[in-house]
Number of protein chains: 2
Amino acid sequence: MPTRVALSAEQITALQEYEACTAPAAPDARVERLVTELIERVADKWTMLLIEVLTEKGELRFTRLRECVPSISYKMLTQTLRSMEREGLVARTVHPVIPPKVEYRLTLLGLSLSAAFCGVWMWAEKHIAEVEQARTTFDRARDCGTVPE
Amino acid sequence: MPTRVALSAEQITALQEYEACTAPAAPDARVERLVTELIERVADKWTMLLIEVLTEKGELRFTRLRECVPSISYKMLTQTLRSMEREGLVARTVHPVIPPKVEYRLTLLGLSLSAAFCGVWMWAEKHIAEVEQARTTFDRARDCGTVPE
DNA sequence: TTCAATATGCACCTAAAGGAGAGTGAGAAT
DNA sequence: ATTCTCACTCTCCTTTAGGTGCATATTGAA
C-alpha cells in the first residue's frame, strides 16, 4: 500500500464534486496538440515532486517547500511554482508582513492532477524491481555485443 | 470519451494477469530515491508519446513509428527507444533481411505503464479549458502588476 | 549499372535547463 | 548599531537536450 500521494477523505470528496462539473474538450486535431503541449508542461519532475508534497502537507510556505524537496534549487523552485500558478495548479497567498510570508497550496485543479499522477507513482513503486532487472539484463547483453550501443 | 490510450480488451486481460503476479517494493528511503529517479526517466514527453502510439498501433517498425510522431527527430527516436528497451518497456525484434527491418512493441511492463499514463492523458483532455482560463487570468494580473513577473 | 530503401552511428552545433552565489528591503531581535 | 529572516531576483556559468546532416552495407528493382 503506497503512502505516496494517497488522497485524504476530504480531498477525495472535494475532488468528486469538482470533477462532476467539469466538461472534457471536443476531440479534434487542434485539441490533440493542446493536450500534448499541456502534458509536456506538466509532466516534469519538479512539478510532480511539488504536487506530491503539497498533496501530502497541504499549505506550505516557500522555505518549508524547499526543505521538503532538498534536491531543488531556489531558482527552480521559484520558476516551477510560478509556472504552476499560471497553469492554475497552485494558489499563492502573500501575507504582507515583515519578513515576508508567502504560502502555496494546490487548487482543486492541482489536486485533480495529483490524483492522475497517483497511478504513475504507484506504477513506479510496484515495478521498480522489474525495471532494475531489465536494466541489468540489457547491460549484460550490450557487453556481449548482442545489442547496439 | 477519450480515444487516447484506451486499452483494448486483450490488452486489459493480459495486464490483469500480469499485475496479479508482480509485487511492490518495500517502502523505505532508498526505494523513495529509486522511485523518484524512475519517474524522472519515464515521465518525459518522447517516452509518453511513443508509449501512446505503440499502445494504439501495436507492433511498429522504426520508420512507421517516426511517421506516427512527426515531431521527433531520428536521433531522439533512436535514443528514446534504446532507453525504453533498457528499462524493459519495449521489445526490439531485428529481422535479418536487406534492407533491415526492426520492429518495436510494448512489453507487458510497458503496457502497464501505458495504463498508468492513461489517467494523465485523460486529465489533460478534460481540464485543458480550465488551464487556458487560468493562464489568461494570470497573464492579465501580471500585466496589471498584481503578481510577480 | 545505378538507384532506392532501412535503421542506425557519428560529428558538430545551438538552445535550453539548471546550478552557484550575491543582492534586496524592512522590521524584529540582540 | 548590527545582525538575522524571508522570498525572492539577477547575473554568470556549466551541463544537458536536441537538431542537422552525412556515412554505411546490401540487395532487389529500374
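Note on naming: letters A, B, ... go to the chains in the order of the sequence lines (proteins, then strands), and numbering restarts at 1 for each one.
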Using a cut-off of strictly less than 4.0 Å, decide whether [X] has a side-chain nitrogen or oxygen near OP1 or OP2 of [N].
X        : N     : result
B:Tyr104 : C:dT8 : yes
A:Arg61  : D:dA7 : yes
A:Thr63  : D:dT5 : no
B:Arg64  : C:dA5 : no

List the atom of [X], the atom of [Y], and the distance in Å for their closest heavy-atom pair.
X        : Y        : result
B:Thr47  : B:Arg41  : OG1-O, 4.2 Å
B:Ala14  : B:Leu108 : CB-CD2, 3.9 Å
B:Phe117 : B:Ala43  : CZ-CA, 4.5 Å
B:Thr107 : B:Gly88  : OG1-O, 2.6 Å

[X] side chain, from C-beta outward: closest of [options]:
X        : options               : value
B:Ser73  : D:dT20, C:dG19, D:dA7 : D:dT20
B:Pro100 : D:dT20, C:dT6, C:dT8  : C:dT6
A:Pro99  : D:dC6, C:dA7, D:dC8   : D:dC6
B:Val102 : C:dT8, D:dG18, D:dC8  : C:dT8
A:Lys75  : C:dA5, C:dG19, D:dC6  : C:dG19

Can you tell me the distance, in whole Å, between the [atom1] atom of [X] and the [atom2] atom of [N]?
X       : N      : atom1 : atom2 : value
A:His95 : D:dC8  : NE2   : P     : 13 Å
B:Glu85 : C:dT8  : CD    : C1'   : 13 Å
B:Glu40 : C:dA17 : CD    : P     : 16 Å
A:Leu77 : C:dG21 : CG    : C1'   : 17 Å
B:Leu65 : C:dA7  : CG    : P     : 10 Å
B:Leu60 : C:dA7  : CG    : C1'   : 15 Å
B:Tyr74 : D:dG18 : OH    : C1'   : 16 Å
B:Ile98 : D:dA25 : CD1   : C1'   : 6 Å

task = Could you check whether A:Arg66 gets within reach of a base, just the sugar-phosphate, or nothing at all, counting any heavy atom under 4.0 Å?
result = nothing

request  = With DNA chain C as reference, determine whether A:Ser71 or B:Leu81 sits nearer its 5' end, using the nearest nucleotide of each.
outcome  = B:Leu81

Cluster link B:Ile98 to B:Val94, ILVMFWY, side chain under 4.5 Å = no

